[in-house]
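Heads up: the structure comes next, in structure tokens.
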Protein chains: 2
Amino acid sequence: MENKTARFEKLLVKNGLKRTGPRLQVLEILSGRDSATSQPYLEQVMGKNADRVTLYRVLQAFEEKGIIHKVLDQQGTANYAICSDGCSAHEHHDEHVHFNCDNCHKIYCLDTVKIPALKVPAGFKVEHLNLIATGLCASCSDKVN
Amino acid sequence: MENKTARFEKLLVKNGLKRTGPRLQVLEILSGRDSATSQPYLEQVMGKNADRVTLYRVLQAFEEKGIIHKVLDQQGTANYAICSDGCSAHEHHDEHVHFNCDNCHKIYCLDTVKIPALKVPAGFKVEHLNLIATGLCASCSDKVN
DNA sequence: ATATAAAAGCAATATAGTTGCATTTAAAAT
DNA sequence: ATTTTAAATGCAACTATATTGCTTTTATAT
């Protein structure tokens with residue numbers, strides 16, 4: 001694999017964002033995880049490397065640029081995951097299913113599962129769809145059996 | 001229509017809950033609305049008729065008994081709506097679509113729109129589905145045109 | 001009328017997120 | 001290399017939502 005940090009630096013520059021410590025660290029953390037990551041977790045892991053407010057602003061900037069997307073968990077807490085290709089500042093294309101495991105509480109982006117089209121009552125104009133499934137993830141249902 | 005308060009009182013008794021002022025008022029408010037109602041709104045409307053904590057506990061009790069269901073809005077704030085028949089303390093059956101209007105911010109329960117079944121990756125066990133659509137509700141898309 | 005479990009009230013605290021402003025710094029311009 | 005400057009960070013204070021422990025009140029059964 002190519003140098004990861006270099007890739008992240010390019011990504012920042014491409015989006016008109018300066019190459020800063022907190023930003024690189026957030027990308028580093030998010031890219032190393034197989035599920036969406038909560039703000040509180042990020043805050044804890046980053047420790048004193050960045051102020052809480054900085055973290056919030058980094059996340060907001062990344063979301064606006066289409067670098068990450070936000071998904072709320074069952075408690076309403078923000079979780080973030082790196083976007084698939086095809087997202088940009090102009091539009092997110094993350095209309096995949098999010099799977100919320102009742103056991104390990106991880107939130108998986110099921111990129112392969114598309115949200116089916118929907119018939120809504122007359123007059124309603126659907127702009128975006130957000131489907132959250134809950135249950136047991138592959139790893140946890142394994143353990144139970 | 002039959003006396004509404006009497007109906008609510010029966011509902012409480014049926015669920016082993018005492019007939020109290022705050023509880024009746026919450027039912028009164030929720031039943032008079034055409035969309036899900038946020039905790040902050042309820043708190044404001046109830047004013048000094050009930051303590052904040054009481055309100056939270058009423059909502060929690062109702063949810064546990066299957067009288068109301070909770071849906072989080074895009075900010076992660078809890079909103080509540082009276083359940084359709086068929087919900088109970090043992091299980092909720094509110095797997096309808098929630099429609100979140102970008103303009104008036106009302107959350108509609110689209111009871112008639114069922115969530116389509118879903119194919120998920122091997123190993124994942126889906127327990128519940130929660131589909132939130134955003135866009136313009138019938139009333140708001142009317143106004144725009 | 002009384003007893004009692006349940007509910008409500010009150011105070012304090014937790015958690016997530018925001019705002020305004022001063023300081024620092026990455027990167028552009030010289 | 002230095003300087004400049006817009007962008008980013010840090011800090012302090014604050015807001016909103018939600019929770020916990022404990023005391024008092026009350027709906028209901030006896």
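Residue numbers start from 1 in every chain, and the chains themselves are labelled A, B, ... in the order their sequence lines are given, proteins ahead of strands.
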**Study point:** A:R19 CZ to D:dT9 P, straight-line distance once rounded to whole Å
**Key:** 12 Å
Review point. OP1 or OP2 of D:dT9 sitting under 4.0 Å from any side-chain N/O of A:T20?
Key: yes
Point to revise | DNA chain C-proximal residues of residues 47-56 of chain B, any heavy atom under 4.0 Å | key: B:N49, B:A50, B:D51, B:V53, B:T54
Practice item. Round to the nearest Å and state the distance from B:D73 atom CG to D:dA18 atom C1'. Key: 14 Å
Review point. Once you round it to whole Å, what is the distance between C1' of D:dA18 and CZ of B:R57?
Key: 12 Å
**Study point:** Boundaries of the chain A footprint along DNA chain C (any atom under 4.0 Å from a heavy atom)
**Key:** C:dA16 to C:dA27
Exercise for review: Round to the nearest Å and state the distance from B:Q44 atom CD to D:dA16 atom P.
Suggested key: 12 Å
Point to revise | Integer-rounded Å distance: D:dT26 C1' and B:L17 CG | key: 15 Å
Exercise for review: Going by the side chain to side chain contact (heavy atoms under 4.5 Å, CB included) test, name the single residue among B:T54, B:L17, B:I67 that passes it with B:R23.
Suggested key: B:L17
Review point. Just wondering, do B:V97 and A:L129 contact through their side chains at under 4.5 Å, heavy atoms?
Key: no
Check your understanding: Are A:R57 and A:F62 in a cation-pi contact, defined as NZ or CZ under 6.0 Å from the six-membered ring centre and within 45° of the axis?
Key -> no
Practice item. Consider only side-chain N and O atoms of B:Q39 and B:Y80, and report whether a donor and an acceptor are under 3.5 Å apart. Key: no
Exercise for review: State whether the number of non-hydrogen atoms from other residues, nucleotides or ligands found under 6.0 Å of B:K114 atom NZ is greater than 12.
Suggested key: yes
Review point. Do B:E9 and B:L24 come close enough that some side-chain heavy atom pair is under 4.5 Å?
Key: yes
**Study point:** Distance, rounded to the nearest Å, where B:Q39 contributes CD and D:dT19 contributes C1'
**Key:** 12 Å
**Study point:** Full working for side chain to side chain contact (heavy atoms under 4.5 Å, CB included) between A:D34 and A:Y108
**Key:** CA-CA 7 Å; A:D34 66 342; A:Y108 294 89; 4.0 Å; yes
Revision key, fill the gap. Given the options A:D73, A:N130, A:T134, A:H98 meets side chain to side chain contact (heavy atoms under 4.5 Å, CB included) only with A:N130
Practice item. Provide, to the nearest angstrom, the distance between the CG atom belonging to B:L12 and the C1' atom belonging to D:dT26. Key: 15 Å
**Study point:** Whole-Å gap separating C1' (D:dT19) and CD (B:E43)
**Key:** 13 Å
Exercise for review: Output the distance between atom NZ (B:K125) and atom OG (A:S141), rounded to the nearest 0.5 Å.
Suggested key: 4.0 Å
